[in-house]
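Here's the structure we're looking at; comments come further down.
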Amino acid sequence: MTDVAALEARLASLEARVNALEDHEEIAQLIASYGPAVDSGAADAAANLWEADGVFDVGGHFTMNGHADIAAMVLGEGHQSLIHNGCGHVLTAPRIRLDGDEAVAWNYAFNIRWDAPNERFWIARLSANEWQCRRGPDGWHVARRTNINLDGAEQPRELLRHSTVG
Amino acid sequence: MTDVAALEARLASLEARVNALEDHEEIAQLIASYGPAVDSGAADAAANLWEADGVFDVGGHFTMNGHADIAAMVLGEGHQSLIHNGCGHVLTAPRIRLDGDEAVAWNYAFNIRWDAPNERFWIARLSANEWQCRRGPDGWHVARRTNINLDGAEQPRELLRHSTVG
Amino acid sequence: MTDVAALEARLASLEARVNALEDHEEIAQLIASYGPAVDSGAADAAANLWEADGVFDVGGHFTMNGHADIAAMVLGEGHQSLIHNGCGHVLTAPRIRLDGDEAVAWNYAFNIRWDAPNERFWIARLSANEWQCRRGPDGWHVARRTNINLDGAEQPRELLRHSTVG
């Protein structure tokens, strides 16, 4: 059955390509979920974007380890004060590099705050971000997100440079 | 013909997955069309992103009902003044949830304005957005867009929280 | 073999749809690569997003022709000063129109700079962008990017209006 064998080969090739497109889409959606989760104070939804022991490294400031730390940040006084004063964690569409059950993505994240007296927003932070993602039994999660302010130091440039090699 | 039946089942499964990927892409493209349409003053192109009786609810300000209202906003004095002074309606890549012929998407929208004397832009508005979309005979359109300024009130947080449940 | 012929037709149709989805994804990834390349000073990575003789037209300012010009801009005093003072070239997810081996995409690009004394960022530039892309033997590249500041002039509106016709 040459015809059927040839069709099967074409189908298998197409399945692999659709797998890769879905991986891209799922990782992009994972990252697009972060802003709405933290800006609405949905602590568990935000934490669950990470693996159970996933890491959120806010370069030069602090590191959160695992769901409890991340949820505690969302529920903490600092973050709650931000969102009750008006705040957006605005992330851009990522550059993604897939490698089987792992992936790395890079993008930018704004921390933008409402200035009520002047009726405008100001940009408190613009960070370079690297997302190390992993596919698990229930889909893609963040293993480690590193986030570093673009303040002229070498560290954020080094992070973004990872996207240009390999 | 077991082989052919098995191939047909794999093909049908792949067709469903490609349908979903295309839906994601079309909804993302629909939303990515808004900024270029309104910032270029293309009133009909902007209005046609919505269904004929689609709603654009600018929370706390006003509501547009149907194509004529949306086109009138683009052609109106307020919007024309904005774009002739320099303005960008800058939207982020959305979080999308598909459900058959309906979908909901969430993202952020900046209203950014040129400050000629100081040669810089300022952020007049950063809104939380919810897009209720529907597939019709000629593709996806917006049934209702709700847009609320992230000024610290509960309303935009509630809107974004929808993305974290269900 | 009617069954097999029918399956082959469905498979061929699906292959064409997956080709289009991959083209969208590759063009989106090409554009998402620009910011991380220039903000990390990766001159060759930035230049290689273009075809060998690709054009980067910064409307009203200057035009770069080919890889050497683009790499020289990244390595030049102006750009190096920006990134060492803290800067982000932040691009949005594009509206894309495919046409065989050619494509055009439109998006926004921020040039955002760190203001160390005031511990905040300011927006030096927000531009309308049109990307003319072409598929070559090793994938999609930029044939011409045109970038014009949204300062109220007609030129950026005209550029964005291209996305609404044809």
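Below, chains carry the letters A, B, ... as their sequence lines are ordered, and counting in each starts from 1.
- When heavy atoms are compared at a cutoff of 4.5 Å, A/N85 approaches chain B solely by way of its backbone atoms N, CA, C and O.
- Look at A/E158 and A/R161 and you find no salt bridge, because none of the NZ, NE, NH1 or NH2 atoms lies under 4.0 Å from a carboxylate O.
- The candidate from A/S33, A/A45, A/A93, A/G88 with the greatest count of non-hydrogen atom pairs under 4.5 Å with chain B is A/S33.
- Listed options B/T164, B/L126, B/L11 were ranked by heavy-atom pairs under 4.5 angstrom with chain A; first place goes to B/L126.
- For the residue pair B/N129/B/W106, the side-chain donor-acceptor check at 3.5 Å is not satisfied.
- Classification of B/R145 and B/E130 as a salt-bridged pair fails, no side-chain N sitting under 4.0 Å from a carboxylate O.
- Chain B forms more heavy-atom pairs under 4.5 Å with one residue of A/A28, A/A32, A/P36 than with any other, namely A/P36.
- In this structure, chain B has a heavy atom under 4.5 Å from the side chain of A/F110, while its backbone stays farther away.
- Residue B/N149 touches chain A through its side chain alone, counting heavy-atom pairs closer than 4.5 Å.
- A salt bridge is absent between A/R135 and A/E102: the closest approach of a Lys/Arg side-chain nitrogen to an acidic carboxylate oxygen does not fall below 4.0 angstrom.
- Residue A/E119 touches chain B through its backbone alone, counting heavy-atom pairs closer than 4.5 Å.
- Using a 4.5 Å cut-off between heavy atoms, B/L14 touches chain A through its side chain atoms alone.
- When heavy atoms are compared at a cutoff of 4.5 Å, B/L150 approaches chain A by way of both its backbone and its side chain.
- Side-chain contact, A/N19 with A/R17: no donor N or O sits under 3.5 Å from an acceptor N or O.
- For chain B, no part of A/H24 is nearby; none of its heavy atoms comes within less than 4.5 Å.
- Under the 30°/60° scheme for interplanar angles, the aromatic rings of B/W114 and B/F121 are found to be tilted.
- Heavy atoms of B/I96 lying under 4.5 Å from chain A belong to its backbone as well as its side chain.
- Looking only at heavy-atom pairs under 4.5 Å with chain B, the residue among A/A116, A/S40, A/G86, A/C87 that has the most is A/S40.
- For A/R144 and A/E51, the salt-bridge test fails: no basic side-chain N is under 4.0 Å from an acidic carboxylate O.
- At a 4.5 Å heavy-atom cutoff, B/P156 makes no contact with chain A through either its backbone or its side chain.
- More than 12 non-hydrogen atoms from other residues, nucleotides or ligands lie less than 6.0 angstrom from CZ of A/R97.
- Residue with the most contacts toward chain B among A/I31, A/L82, A/N118, A/I83: A/I83 (heavy-atom pairs, distance under 4.5 Å).
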What do the steps show when you test B/H67 against B/N48 for side chain to side chain contact (heavy atoms under 4.5 Å, CB included), and what is the final call? CA-CA 7 Å; B/H67 286 181; B/N48 288 333; 3.3 Å; yes
